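Taking it in order: structure first as structure tokens, then the write-up.
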Amino acid sequence: MMMGYGFGGGPLGWLGMGFGMIIHLAFAALIIMAAIWMFKAVFRGGHQVPQTTSAVEIVKQRYAKGEINAEEYQRMKKELE
């Protein structure tokens, strides 16, 4: 009498091998997704300024931050428009 189950004769047979493949593929997909997420997080940077920021938008941001007062804001805004 043989001690092993032999090829394909295990408790789950081909079904067990199929589940094993699915688990391995899911694990590989998870690793790839994590790598993509980390790549985006690293190269995106923490502080982004839009590339097409107009001068008026910059003046508005400076006023909102309190770097300039209302008079300076109105004067700069009028000069830029």
Side-chain angles (χ1 to χ4, degrees):
M1 192 160 166
M2 299 180 87
M3 298 298 287
Y5 290 107
F7 181 71
L12 296 177
W14 290 101
L15 185 64
M17 190 171 72
F19 282 137
M21 283 181 129
I22 290 172
I23 290 171
H24 281 93
L25 290 174
F27 186 69
L30 184 65
I31 290 173
I32 291 170
M33 287 171 41
I36 290 171
W37 177 78
M38 286 176 31
F39 182 80
K40 285 182 178 181
V42 168
F43 290 105
R44 182 179 311 148
H47 188 304
Q48 288 185 342
V49 176
Q51 294 178 355
T52 58
T53 304
S54 69
V56 176
E57 290 298 319
I58 293 172
V59 170
K60 287 180 183 179
Q61 290 174 0
R62 290 185 62 197
Y63 180 64
K65 290 179 185 177
E67 295 176 0
I68 58 175
N69 60 25
E71 293 172 3
E72 291 174 317
Y73 170 72
Q74 292 299 331
R75 181 181 52 82
M76 289 179 181
K77 186 177 171 188
K78 185 183 279 188
E79 288 176 5
L80 292 172
E81 292 176 342

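This structure is a prediction, so every number in the text was calculated from the model and none was measured. Positions are given from 1 along the sequence.
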* Rounded to the nearest 0.5 Å, what separation is found between the OG atom of Ser54 and the NZ atom of Lys60? -> 7.5 Å

* To do: Please name all residues satisfying ring pair (Phe, Tyr, Trp, His ring centres under 6.0 Å) with Phe39, sequence neighbours left out, ordered by chain then number.
  => Phe43

* Asked: Excluding sequence neighbours, so at least two apart, what forms salt bridge (Lys or Arg N to Asp or Glu O under 4.0 Å) with Glu72?
  -> none

* Taking only residues two or more places apart in sequence, or in another chain, which ones meet Glu79 in a salt bridge (Lys or Arg N to Asp or Glu O under 4.0 Å)? -> Arg75

* To do: Would you mind listing the cluster partners of Leu30? Hydrophobic ones only (ILVMFWY), side-chain contacts under 4.5 Å, chaining allowed.
  => none

* Structure fact -> Apart from Tyr73 itself, its cluster of hydrophobic side chains linked below 4.5 Å comprises Val56, Val59, Tyr63, Ile68, Met76, Leu80

* Residues two or more places apart in sequence or in another chain: which of them pass salt bridge (Lys or Arg N to Asp or Glu O under 4.0 Å) with Lys77? -> none

